[in-house]
Asks: 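Sharing a structure with you now.
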Amino acid sequence: MEPNPTPAEQPPPQPSFGGSRRSGRIRARARRRHERGQWELREGLRSRVIELEALLKSKTVPGPLDPSDRVLADRAFASLDEAKEALAHEHGRPAAHIAVAQTQLDLAYVILLRLLTLADITAHLPGIVAFIKEHLPLGDERRAHVDEIALSVRAGDTLTENQREILVDASTVAHQVHLKEKLRVRSFAQIVFGVTAALAIIATLIALAGAASPGTVPLCFNPTGVGIVCATATDTAGAEVGRGQVAGQSLDRMYADVASKWDYPVVELVGLVAAAVAAAASLRRIHGTSTPYNVPVALALLKLPTGALTALLGLLLMRGDFIPGLSALDSSAQIIAWAVIFGYAQQLFTRFVDNQAQLVLNAVGGPTANPARPTRSAPTPPS
């Protein structure tokens, strides 16, 4: 019988490819589980970080650099590392992490423009000019100088170091303006979410107060020949008398007796459903957004508590004879029908918010936000 091999003689363990694949799938599932929204934007920024990192290495690895260029390259690599660290965050606000990573990525790109040769800058010139035109206004002097540089290069002139500095400065300012535009979108989305939460709380408190004390401000009407008609209850007593006194009771006392605790919740629920239908109908005008801030979702949510409140306030205005000829509804079904109309009518108020949101989103770059200046043709020499 052969002796057992010593530990030194034992063959090395063979790699388990099945186990490695299984552990890789587990890690991928864990990463997807911890990923919180905007996954596509994160991956897009990661790919851009990899691209810039490869470009920087291709410009810095082949040969020795000047001390000043080495400082710029080190700062660019540090910015890319900070961008990757921001994208790796799994807790907190993902939109804020994406904005921080984009800022560091912009800094690395601007530094790369200082390290590239003038021939490389000339090759990248169309993209640089397009980005500057998207984010700088027409009256900006930097944009005017960039237009002149683009025209001169197109005419066959060679790019100079002074022109490179102008392009780098204009690109830096354009990236800063782009960041401010995104922060403006974030502020607008936060305002809309805050107003939505406040209106939802107000609508909930009103529904609870109406359920606790339905006779305080009853949603009831007294049409002639019908009696007392509320949102969820009807009393035909005093139908022949109509308005005024019935069996020694005042009309307000009769309203309080007939009013139900479900009047306010039912009316607000009907208005909320009508507002949800209006929000679904308004989706045809929403184009979405590439920013990490859910402005369309905020606009859709704003319509829901607004519809609940407009349904309630509209019926109160009708009860107060604010609308001539519609001050006495004949049945509970008519009250519910008017609640539907008033709930859908919130679109008249939230439409202005929708328009403002579209303006804010259009300001985040793109051809519709800042139309490019028409290309100036060369002056014709005098004959």
Asks: Please find the pair of heavy atoms, one from Leu136 and one from Val173, that lie closest to each other, and give the distance.
Replies: CD2-CG1, 3.8 Å
Asks: Counting C-beta onward and ignoring hydrogens, is there a side-chain heavy-atom pair between Ile132 and Ser171 closer than 4.5 Å?
Replies: yes
Asks: Is it true that a side-chain atom of Ser58 and a backbone atom of Leu55 form a donor plus acceptor pair closer than 3.5 Å?
Replies: yes
Asks: Can you check whether His97's main-chain N or O pairs, donor with acceptor, with Arg42's side chain at less than 3.5 Å?
Replies: no
Asks: Start with the C-alpha gap between Arg186 and Glu181, add the side-chain angles, then the distance that decides, and say whether salt bridge (charged side-chain N to carboxylate O under 4.0 Å, His left out) holds.
Replies: CA-CA 9 Å; Arg186 183 190 69 176; Glu181 292 167 351; over 6 Å; no
Asks: What is the distance from atom CG of Asp147 to atom NE2 of His145, rounded to the nearest 0.5 Å?
Replies: 10.5 Å
Asks: Quiz question: by atom type and distance under 3.5 Å, do the side chains of Asp106 and Gln102 form a donor-acceptor pair?
Replies: yes
Asks: May I ask you to check whether Asp120 and Thr117 show a side-chain donor-acceptor distance below 3.5 Å?
Replies: yes
Asks: Do you know which two heavy atoms are closest between Pro218 and Gly215, and how far apart they sit?
Replies: CD-O, 3.6 Å
Asks: Salt-bridge test for Glu51 and Arg48: reply yes if a basic N is under 4.0 Å from a carboxylate O, no otherwise.
Replies: yes
Asks: Taking all non-hydrogen atoms of both residues, which atom of Ala357 and which atom of Val295 are closest, and how far apart?
Replies: CB-CG1, 3.9 Å
Asks: Do Thr350 and Leu299 touch side chain to side chain, with heavy atoms closer than 4.5 Å?
Replies: no
Asks: Does the side chain of Lys303 reach to within under 4.5 Å of the side chain of Gln347, using non-hydrogen atoms?
Replies: yes
Asks: Would you say that Leu317 contacts Leu313 through its side chain, given a criterion of any heavy-atom pair below 4.5 Å between the two side chains?
Replies: no
Asks: Taking the side chain as every heavy atom from C-beta outward, state whether Leu359 and Phe188 have any pair of such atoms under 4.5 Å apart.
Replies: no
Asks: Measure the CG-OG1 distance between Leu348 and Thr310 for me, rounded to the nearest 0.5 Å.
Replies: 9.0 Å
Asks: Could you tell me whether the side chain of Val49 reaches within less than 4.5 Å of the side chain of Gln104, counting heavy atoms only?
Replies: no
Asks: What distance separates Tyr264 OH from Leu315 CG, expressed to the nearest 0.5 Å?
Replies: 9.5 Å
Asks: Run the salt-bridge test on Arg70 and Asp74 with the 4.0 Å N-O cut-off and return the result as yes or no.
Replies: yes
Asks: Whether Asp69 and Lys59 form a salt bridge (side-chain N of Lys/Arg under 4.0 Å from carboxylate O of Asp/Glu) is what I want to check.
Replies: no
Asks: Could you check if a side-chain atom of Ser332 sits within less than 4.5 angstrom of a side-chain atom of Val229, using non-hydrogen atoms only?
Replies: yes
Asks: Can you tell me how far NZ of Lys84 sits from OG of Ser79, rounded to the nearest 0.5 angstrom?
Replies: 11.5 Å
Asks: Phe349, Ile191: one ILVMFWY side-chain cluster at the under-4.5 Å cut-off?
Replies: no
Asks: Which residues pass the salt bridge (Lys or Arg N to Asp or Glu O under 4.0 Å) test with Asp157, sequence neighbours left out?
Replies: none
Asks: Quick one: do Ile128 and Val177 end up in the same hydrophobic cluster if we chain Ile, Leu, Val, Met, Phe, Trp and Tyr together by side-chain heavy atoms under 4.5 Å apart?
Replies: yes
Asks: Could you tell me whether the side chain of Arg319 and the main chain of Leu219 form a donor-acceptor pair under 3.5 Å?
Replies: no
Asks: According to a 4.5 Å side-chain heavy-atom criterion applied to Ile, Leu, Val, Met, Phe, Trp and Tyr, with indirect links allowed, do Leu52 and Phe131 form part of one hydrophobic cluster?
Replies: no
Asks: Within this structure, what is the CD1-CD distance for the pair Ile206 and Glu268, rounded to the nearest 0.5 Å?
Replies: 6.0 Å
Asks: With side chains defined as the heavy atoms from C-beta onward, is the minimum distance between Ser152 and Gln163 less than 4.5 Å?
Replies: yes
Asks: Hey, what do you get for CG (Asp263) to CG (Leu312), rounding to the nearest 0.5 Å?
Replies: 10.5 Å
Asks: Closer than 4.0 angstrom, basic N to acidic O: yes or no for Asp354 and Arg351?
Replies: no
Asks: Hydrophobic cluster mates of Val277, side-chain heavy atoms under 4.5 angstrom, ILVMFWY only, any path?
Replies: Tyr344
Asks: Is there a continuous path of hydrophobic side-chain contacts, each under 4.5 Å between heavy atoms, that joins Ile201 to Phe193?
Replies: no
